[in-house]
Structure formats: C-alpha cells, structure tokens
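In listed order, ligands and their atoms are each counted from 1. Since the structure is predicted, the reported quantities are computational estimates derived from the model, not experimental observations.
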Amino acid sequence: MIIDERMSAFIDSLDSGNPAWLNEIEKFALETQVPIIRRSMQSLLKFLLKFTKPKSILEVGTAIGFSALLMSEYAPEDCHITTIEKYEKRIPIAKENFRKAGREDRITLLEGDATEILRELEGTYDVIFMDAAKGQYIHFLPDILRLLPPGGLLISDNVLQDGDIIESRFAVTRRNRTIHARMREYLYELKHHPELETVILPVGDGVTLSTKKEESTVTQNK
Ligand SMILES: C[S@@+](CC[C@H](N)C(=O)[O-])C[C@H]1O[C@@H](n2cnc3c(N)ncnc32)[C@H](O)[C@@H]1O
C-alpha cells in the first residue's frame with residue numbers, strides 16, 4: 001500500500017459503487033486470488049471513461065474480465081473493447097463472464113501473448129489500458145505508441161511496485177530486481193518520450209496517465 005490504508009479506505013467508502021453483477025465478479029476474483037484492479041483504480045477508470053468518451057479501448061491483461069466489464073459499463077454504449085489474455089485457465093471464465101453480462105458483442109477477447117498480438121494489431125485505440133505483467137510494459141511500449149492516436153490516453157496500472165520503486169535495486173528482493181529496473185525504465189520513457197505527456201499518480205499501486213501529443217506540438221518541442 002503506497003498511501004495510508006485508512007485514507008484509502010475513507011476515499012473508497014465515498015464511492016457510489018458498481019452494479020451487483022459486477023460486485024459478484026469482483027468477489028469471485030478476490031476469493032480465488034485473481035488479481036484485479038482495486039477500488040481506487042476502478043474509480044479513476046470510471047472518471048476517465050466518462051470524461052474521454054472513447055469509441056475504442058485496448059486492454060492488455062484481461063484476467064477474468066472484471067476491468068473489461070467495468071469499462072464496458074462506464075464507457076459510451078458504442079465503444080468497443082479489445083482485451084488480451086494469455087493464461088488459458090482465465091480465458092474461459094472471462095468469456096463466460098462476458099456472455100452472462102450480455103457484452104459479447106462489445107468486448108473482443110484476443111487469446112495469446114500480448115507480445116505477439118500487439119505486433120499484429122492495426123488501427124488505433126482511443127484508450128489503452130495496460131494491466132499485464134509489469135516487467136513487460138517497456139517491451140510493449142513501441143507497439144502501444146503505434147496503436148495510440150494523437151490525443152489518445154494510455155493508462156498503466158501497478159507502476160510503483162508497492163512502493164519498492166523508490167528503493168535502491170539492492171534493497172528489493174532479488175526476484176523483483178528485473179521488474180524494478182524495467183519499471184524504472186518504463187517510467188523514465190513515459191516521462192521523457194517526445195510524443196508523450198505523462199503524469200504519475202500514487203493511486204492504488206501507482207498509475208500513469210499518458211497522452212500522445214498532437215503532431216504539431218511534437219515538432220515544436222523538439
Ligand atoms: C492484473 S491481471 C489483469 C486484471 C484485469 N485487468 C482486471 O482488473 O480485471 C494481469 C493479467 O495479465 C495477464 N498477462 C500477463 N502478461 C501477459 C502477456 N504477455 N500477454 C497476455 N496476457 C498477459 C495475466 O495472465 C493476468 O491474467
């Protein structure tokens with residue numbers, strides 16, 4: 001927890017909540033140790049979707065479909081969501097959740113490793129939500145930048161590694177060192193890339209919001 005637990009609980013308690021069917025999927029995920037977005041991230045996503053009104057969303061990391069369904073609930077009705085998942089055990093559960101919610105026509109699940117799938121995708125997505133293996137974000141970035149239009153929004157979750165990100169690499173466990181180095185590189189890239197404007201927020205486990213600059217602004221700032 002990177003912010004005070006009581007403060008986080010207080011802020012969450014003010015949220016108006018989600019429909020009962022979404023609460024059930026959230027409960028199932030928590031009971032079966034499926035990692036899903038926290039309440040604070042849910043709240044931020046709801047706000048961003050109401051504000052940006054995207055027509056297309058790309059999610060990397062479906063798990064059992066909780067965040068995709070949450071986004072389908074708060075994005076405009078004509079918004080299409082494409083979501084990528086590689087873990088075979090989670091894919092059928094996600095599909096069943098999409099079917100039960102009657103959202104199969106609004107959500108497309110692409111099965112397989114995002115490293116390969118992202119390379120094959122064409123066109124652009126108004127919003128891209130990155131919520132997969134943290135150590136891979138930096139490798140996904142070139143494709144993500146290609147798939148994000150000027151004015152598009154890239155949201156990346158879990159970027160502050162439970163607070164470990166500020167520690168020296170020797171202070172984090174050996175197991176987490178590669179992720180630590182790659183996440184620092186990712187954050188540096190997001191903040192210094194000439195095509196992006198990025199803010200890092202201590203929400204949940206840390207979130208970045210990046211927008212791709214309009215082409216004229218990129219040239220001016222060079
Ligand atoms: C944190 S969970 C996603 C949670 C989901 N967004 C939600 O909040 O409901 C991350 C998911 O990304 C998947 N994942 C990790 N690396 C991936 C990759 N390279 N390609 C596709 N899926 C990946 C994992 O299997 C896991 O189910």
J.: Taking Ser43's backbone N and O only, do any of them form a donor-acceptor pair with Tyr74's side chain (distance below 3.5 Å, no angle check)?
T.: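 Side chain of Tyr74 to backbone of Ser43, a donor-acceptor pair under 3.5 Å: no, none is there.
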J.: Which heavy atom of the protein is the closest neighbour of atom 8 (O) of ligand 1, given with residue, atom name and distance?
T.: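 Nearest protein contact, heavy atoms only, for atom 8 (O) of ligand 1 is Ile37 N, 2.9 Å.
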J.: For Gln136, take its heavy atoms, then give the atoms of ligand 1 lying under 4.0 Å from any of them.
T.: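 Within the 4.0 Å cut-off of Gln136, ligand 1 contributes 16 (N), 17 (C), 18 (C), 19 (N).
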J.: Which protein non-hydrogen atom lies closest to atom 20 (N) of ligand 1, naming both residue and atom, and how far is it?
T.: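 Answer, as residue, atom name and distance: Ala114 N, 2.8 Å.
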J.: Indicate yes or no for a side-chain donor-acceptor contact from Asn18 to the backbone of Asn23 under 3.5 Å, with no hydrogens or angles considered.
T.: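 It does not hold such a pair.
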J.: Can you list everything that forms a salt bridge (charged side-chain N to carboxylate O under 4.0 Å, His left out) with Arg177? Sequence neighbours excluded, please.
T.: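 Arg177 satisfies salt bridge (charged side-chain N to carboxylate O under 4.0 Å, His left out) with no residue once adjacent residues are dropped.
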J.: Check whether Arg106 reaches the backbone of Glu77 with its side chain - one donor and one acceptor, N or O, closer than 3.5 Å.
T.: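 Checked: pair present.
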J.: Which heavy atom of the protein is the closest neighbour of atom 24 (C) of ligand 1, given with residue, atom name and distance?
T.: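 Going atom by atom, the protein heavy atom closest to atom 24 (C) of ligand 1 ends up being Glu85 OE2, 3.4 Å.
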J.: Got the closest protein heavy atom to atom 12 (O) of ligand 1, with its distance?
T.: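 Going by distance alone, atom 12 (O) of ligand 1 is nearest to Gly61 CA, 3.3 Å.
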J.: Considering non-hydrogen atoms of the protein only, which is the closest contact for atom 2 (S) of ligand 1, and what is the distance?
T.: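 Looking at atom 2 (S) of ligand 1, the protein heavy atom closest to it is Pro35 O, 3.4 Å.
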J.: Can any side-chain N or O of Asn158 pair as donor or acceptor with the backbone N or O of Lys134 at less than 3.5 Å?
T.: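 No, the answer is negative, given that no donor and acceptor are paired below the 3.5 Å cut-off.
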J.: Taking Ser56 for its side chain and His80 for its backbone only, find out whether a donor-acceptor pair lies under 3.5 Å.
T.: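 It does not hold such a pair.
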J.: On a heavy-atom basis, I'd like to know which of Glu116, Lys86, Glu111 is closest to atom 17 (C) of ligand 1.
T.: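 Closest candidate by heavy-atom distance is Lys86.
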J.: With ring pair (Phe, Tyr, Trp, His ring centres under 6.0 Å) as the test, pick out the partner of Tyr137 among Tyr186, Phe129, Tyr188.
T.: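 Testing Tyr137 for a ring pair (Phe, Tyr, Trp, His ring centres under 6.0 Å) against Tyr186, Phe129, Tyr188 leaves exactly one candidate, Tyr186.
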J.: Show the atoms of ligand 1 that are less than 4.0 angstrom away from any heavy atom in Ala133.
T.: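 Those atoms are 15 (C), 16 (N).
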J.: For atom 14 (N) of ligand 1, find the nearest protein heavy atom and state the residue, atom name and distance (0.1 Å precision).
T.: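 Minimum-distance protein heavy atom for atom 14 (N) of ligand 1 reads Ala132 CB, 3.9 Å.
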J.: His180 side chain to Asn176 main-chain N or O, any donor-acceptor pair under 3.5 Å?
T.: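 Answer holds: no.
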J.: Just heavy atoms, cut-off under 4.0 Å: does Thr62 contact ligand 1 by side chain, backbone, both, or neither?
T.: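 Contact part for Thr62 vs ligand 1: backbone (N, CA, C, O).
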J.: Could you see which bit of Phe140 sits under 4.0 Å from ligand 1, with heavy atoms only: side chain, backbone, both or neither?
T.: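 The side chain, only.
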J.: Taking only non-hydrogen atoms of Glu59, do any sit less than 4.0 angstrom from ligand 1?
T.: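 The answer is yes, since Glu59 has a heavy atom less than 4.0 Å from ligand 1.
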J.: Rounded at 0.5 Å granularity, tell me how far OG1 in Thr82 sits from CD1 in Ile117.
T.: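 So the gap between those two atoms works out to 10.5 Å.
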J.: Just go through Ser67, Ala63, Gly65 and tell me whose heavy atom is the nearest to atom 7 (C) of ligand 1.
T.: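 Answer by nearest heavy atom: Ser67.
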J.: Does the Glu85 side chain pair with the main chain of Ala63, one donor and one acceptor, at a distance under 3.5 Å?
T.: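 Indeed, once roles are kept as given, a pair shorter than 3.5 Å links the two residues.
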J.: If you take the nearest heavy atom of each of Ile64, Asp131, Asn97, Thr83, which one is closest to atom 3 (C) of ligand 1?
T.: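 Checking each option, the heavy atom nearest atom 3 (C) of ligand 1 is found in Asp131.
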J.: For ligand 1, which atoms, with element, lie under 4.0 Å from some heavy atom of Phe66?
T.: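 Matching atoms, with element in brackets: 9 (O).
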J.: Assess Gly112 for proximity to ligand 1: is some non-hydrogen atom of it under 4.0 Å away?
T.: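 So Gly112 counts as touching ligand 1.
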J.: Using a strict 4.0 Å cut-off to heavy atoms of Tyr87, name the atoms of ligand 1 that fall inside it.
T.: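 Answer for ligand 1: 25 (O).
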J.: Tell me which protein heavy atom sits closest to atom 26 (C) of ligand 1, plus the residue, atom name and distance to 0.1 Å.
T.: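 For atom 26 (C) of ligand 1, the nearest protein heavy atom is Arg90 NH1, 3.3 Å.
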J.: In Å, rounded to the nearest 0.5 Å, how long is the span from OG1 of Thr52 to NZ of Lys50?
T.: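 Rounded to the nearest 0.5 Å, the OG1-NZ separation comes out at 10.5 Å.
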J.: Of all the atoms in ligand 1, which lie at a distance below 4.0 Å from a heavy atom belonging to Ile36?
T.: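 Those of ligand 1 that fall under 4.0 Å from Ile36 are 7 (C), 8 (O), 9 (O).
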J.: Is ligand 1 less than 4.0 angstrom away from at least one heavy atom of Val34?
T.: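 Not so, Val34 does not reach ligand 1.
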J.: For residues 161-170, please give each side-chain donor-acceptor pair under 3.5 Å, one per line with the distance, not counting sequence neighbours.
T.:
| unit_1 | atom_1 | unit_2 | atom_2 | d |
| --- | --- | --- | --- | --- |
| Asp162 | OD1 | Met1 | N | 3.2 |
| Ser168 | OG | Phe170 | N | 3.0 |

